[in-house]
Amino acid sequence: MIDVTITVNGETKTASVEPRLLLVDYLRETLKLTGTHVGCDTSQCGACTVQLDGRSVKACTTLAVQADGARVATIESVAAKDGTLHPMQAAFREHHGLQCGFCTPGMIMSALALVERNRGAVLTEAVIRHELEGNLCRCTGYQSIVKSIAAGAKAMGLAVGDLAGNI
Amino acid sequence: MYAFDYKRPKTVAEAEAAFAADSDAAFLAGGQTLIPTLKQRLRQPSALIDLAALDALKGITVADGIVTIGAGVCHADVAVSADVRKAIPALADLAAQVGDPQVRNRGTLGGSIANNDPAADYPAAVVGLDATVHTSRREIAAAAFFTGMFETALEPGELVVKVSFPIPRRAAYQKFRNPASRYAVVGVMVAETAGGMRVAVTGAGPCVFRVPTMEAALAMNFSAGALQNIQVPPDDLNADLHATSEYRAHLIGVMATRAVASIA
Ligand SMILES: Cc1cc2nc3c(=O)[nH]c(=O)nc-3n(C[C@H](O)[C@H](O)[C@H](O)COP(=O)(O)OP(=O)(O)OC[C@H]3O[C@@H](n4cnc5c(N)ncnc54)[C@H](O)[C@@H]3O)c2cc1C
Ligand code: FES
Ligand code: FES
């Protein structure tokens with residue numbers, strides 16, 4: 001067993017873990033933070049996306065020991081404590097960015113990282129689609145997700161350009 | 001996954017020593033290839049030696065006409081590096097096309113070339129730009145590094161520390177991506193270097209290779225038209241559910257032509 005200290009959603013947690021424990025299992029099974037989903041478990045779908053030191057990563061393809069000393073943010077940290085939705089979440093609700101909702105936690109975590117990566121630039125549909133390649137959705141056909149992210153990014157203060165009449 | 005031990009050395013010497021003490025161990029970089037392999041129980045290392053804390057594997061420098069990238073630098077950092085973008089835009093473009101953002105945030109240059117997947121992108125950059133691989137033991141020229149499918153010149157326990165890319169006069173990378181995995185069905189790096197013209201192909205064969213007929217034609221006339229009548233024989237190329245060897249042979253011409261057209 002290996003001792004790890006990980007700051008999850010602002011709270012510092014220490015645990016003794018097996019080296020083979022995946023970060024996603026640490027979050028879901030040990031901490032009971034079940035908002036992070038496991039879709040494929042084969043590094044394809046991005047339902048397990050969390051932020052590790054501010055960068056989006058697939059928690060099913062990261063070991064808990066690799067997160068030792070790092071900050072992890074999950075979907076549970078996104079809305080305000082009183083339940084008020086984050087502008088990105090509100091945009092997904094407003095623009096039908098979800099149907100079954102299974103991919104949504106990963107989509108939101110990827111979308112938030114995407115916004116931070118593009119601070120100072122003009123966000124386009126092409127950029128949103130390219131930077132969403134690590135997240136699969138079996139329901140929406142992506143159109144409404146792209147629309148939601150554009151709206152969420154705008155609400156977060158990003159300049160949004162060419163959206164092919166989407167918004 | 002089978003159970004394994006976990007070590008996090010702080011220096012290259014400690015990492016080498018950890019391997020010397022336990023030769024069934026495996027180095028862990030970004031884990032974007034190794035963790036899926038462990039999950040499928042295709043490998044059973046006794047321990048993972050995590051390279052994340054090794055400072056020697058970090059950082060990007062540009063000096064004396066050479067871009068040097070640490071083995072532990074992730075694809076995302078190469079893609080957004082203003083220094084790389086200025087010196088060798090083709091290299092930043094290549095890194096930006098690996099997998100997806102989450103994979104680029106974890107996967108590293110060292111892991112990619114040590115793994116030498118036939119469809120990986122970086123081998124085309126290392127060979128196409130005539131780079132040198134600096135290991136914990138020696139320097140290995142690009143031409144000698146990639147020895148076959150998933151095979152390299154690395155000895156057991158030998159670490160990739162950094163890779164130095166001489167800045168070419170011009171270069172471009174074009175890739176036909178597998179639409180699901182984003183790996184290269186065919187990727188071609190075309191570069192005009194101090195040592196001559198280089199065309200390096202990944203994805204098409206069992207291992208990255210150069211196309212001397214294209215290099216000779218481009219040396220005479222650097223234009224997309226110069227490649228028009230050059231056929232790459234499909235005989236030794238890969239064939240799988242994604243593409244036949246004939247289709248891959250065709251794609252080499254298309255990708256090389258696009259690469260040349262973008263910088264001619
Ligand atoms: C969904 C998905 C899509 C992908 N798409 C692409 C793509 O389009 N193009 C592409 O090129 N790749 C792609 N990859 C692979 C990705 O680039 C990997 O990051 C890379 O191949 C391995 O790098 P890593 O740092 O993750 O290495 P790891 O998985 O940690 O290690 C891989 C191997 O290299 C060894 N190793 C690692 N570092 C060193 C070192 N410094 N010295 C010696 N040995 C070392 C390890 O022991 C292991 O055997 C994809 C991966 C995924 C999961
Ligand atoms: S569950 Fe991690 S990528 Fe699908
Ligand atoms: S909303 Fe169902 S998978 Fe995306």
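Letters go in sequence order (proteins before strands), and every chain restarts at 1.
Between chain A and the options B:Ser181, B:Ala3, B:Gly31, heavy-atom pairs under 4.5 Å are most frequent for B:Ala3. Per-residue counts of heavy-atom pairs under 4.5 Å with chain B were compared for A:Leu136, A:Ile2, A:Asp41; the largest is that of A:Asp41. Chain A forms more heavy-atom pairs under 4.5 Å with one residue of B:Ile35, B:Val80, B:Leu34 than with any other, namely B:Ile35.
The one candidate from B:Thr152, B:Val163, B:Leu154 that meets the side chain to side chain contact (heavy atoms under 4.5 Å, CB included) condition with B:Ile113 is B:Val163. No option in B:Ile60, B:Thr61, B:Thr68 other than B:Thr68 meets the side chain to side chain contact (heavy atoms under 4.5 Å, CB included) test with B:Lys162.
Judged purely by atom type and a 3.5 angstrom limit, B:Arg248 has no side-chain atom pairing as donor or acceptor with the backbone of B:Val186. Judged by distance alone, with hydrogens and angles left aside, the side-chain atoms of A:Glu76 form a donor-acceptor pair with the main-chain N or O of A:Gly35 at under 3.5 Å.
Neither the backbone nor the side chain of B:Ala52 comes within contact range of chain A; no heavy atoms are under 4.5 Å apart. The parts of A:Thr61 that come within reach of chain B are both its backbone and its side chain, each placing non-hydrogen atoms under 4.5 angstrom from that chain. Heavy atoms of B:Leu28 lying under 4.5 Å from chain A belong exclusively to its side chain. Interface remark: B:Asn105 contributes backbone and side-chain atoms alike to the contact with chain A (heavy atom separation under 4.5 Å). A:Thr62 touches chain B through backbone and side chain together, each having a heavy atom under 4.5 Å away. Only the side chain of B:Ala76 has a heavy atom closer than 4.5 Å to any heavy atom of chain A. With a 4.5 Å cut-off on non-hydrogen atoms, A:Leu52 touches chain B through its side chain but not through its backbone. Only the side chain of B:Leu48 comes within contact range of chain A, judged by heavy atoms closer than 4.5 Å.
No more than 12 heavy-atom neighbours from other residues, nucleotides or ligands sit within 6.0 angstrom of CD on A:Glu11.
Salt-bridge formation is detected for the pair B:Asp77/A:Arg55: a Lys NZ or Arg NE/NH1/NH2 atom is positioned less than 4.0 Å from an Asp or Glu carboxylate oxygen.
Using cut-offs of 30° and 60° for the angle between ring planes, the B:Phe176 and B:Tyr247 rings count as perpendicular.
Counted by atom type alone, B:Gln102 and A:Thr49 present one or more donor-acceptor pairs between their side chains at under 3.5 Å.
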